[in-house]
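The structure presented is a predicted model; accordingly, all values stated were derived computationally and were not measured.
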Amino acid sequence: MGKRKSRIFISHAGSDLGLAQLLSGELERKGADYFLDGRDLHGGSPFRPDIRNGMCRCNELMPLLTPAALKTPWIPYEIGLADSNGLLV
């Protein structure tokens with residue numbers, strides 16, 4: 001049985017989008033697929049369901065734990081959601 005390709009949900013603070021984009025480029029060069037809100041979410045749709053749907057298509061979570069990330073409620077929310085969905089954190 002073949003190894004499942006990684007699909008990584010990148011969790012980050014809004015002010016860390018540039019860092020998340022740099023990281024996503026490296027992941028892509030290594031052959032990993034990823035979910036990044038700046039690329040995969042589109043304005044005008046409900047945010048929370050889109051986050052859940054995006055995470056359901058991933059098998060790993062990579063939280064960027066920067067000082068800005070530690071001040072937002074979204075990072076803990078996404079870590080808890082990933083844990084409850086069985087993603088590798």
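The shortest non-hydrogen separation linking R57 to R7 is O-CD, 2.9 Å. Nearest heavy-atom pair across Y34 and L27 is CB-CD1, 4.5 Å. Contact record, F35 with C58: CB-SG, 3.8 Å, taken as the closest heavy-atom pair.
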(Q) Determine whether L19 and H12 satisfy the following criterion, side-chain contact (heavy atoms from CB on, under 4.5 Å), listing intermediate values before the conclusion. (A) CA-CA 9 Å; L19 176 60; H12 65 91; over 6 Å; no
Q) Taking it one step at a time, do I75 and L70 satisfy side-chain contact (heavy atoms from CB on, under 4.5 Å)? A) CA-CA 7 Å; I75 305 304; L70 298 176; over 6 Å; no
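Looking at heavy atoms from C-beta onward, D37 lies in side-chain contact with L17 at the 4.5 angstrom threshold.
We find the CG-CZ distance between N59 and F9 to be 13.0 Å, quoted to the nearest 0.5 Å. Residue I10 holds its CD1 atom at 9.5 Å from CD of Q21, rounded to the nearest 0.5 Å.
Cluster membership check: L65 shares its hydrophobic cluster with L61, using side-chain heavy-atom separations under 4.5 Å among Ile, Leu, Val, Met, Phe, Trp and Tyr. Grouping the Ile, Leu, Val, Met, Phe, Trp and Tyr side chains by contacts below 4.5 angstrom, directly or via other members, places V89 apart from L23. Hydrophobic clustering of Ile, Leu, Val, Met, Phe, Trp and Tyr side chains at less than 4.5 Å, counting indirect connections, keeps L64 apart from I79.
Applying the side-chain hydrogen bond (donor to acceptor under 3.5 Å, both in side chains) test to every pair with at least one member in residues 67-81, sequence neighbours left out, gives these pairs: S11-E78.
When the side-chain contact (heavy atoms from CB on, under 4.5 Å) test is applied to N85, the partners found at least two apart in sequence or on another chain are L81, L87. Residues satisfying the side-chain contact (heavy atoms from CB on, under 4.5 Å) test with A68, not counting sequence neighbours, are A13, S15, D16, T66.
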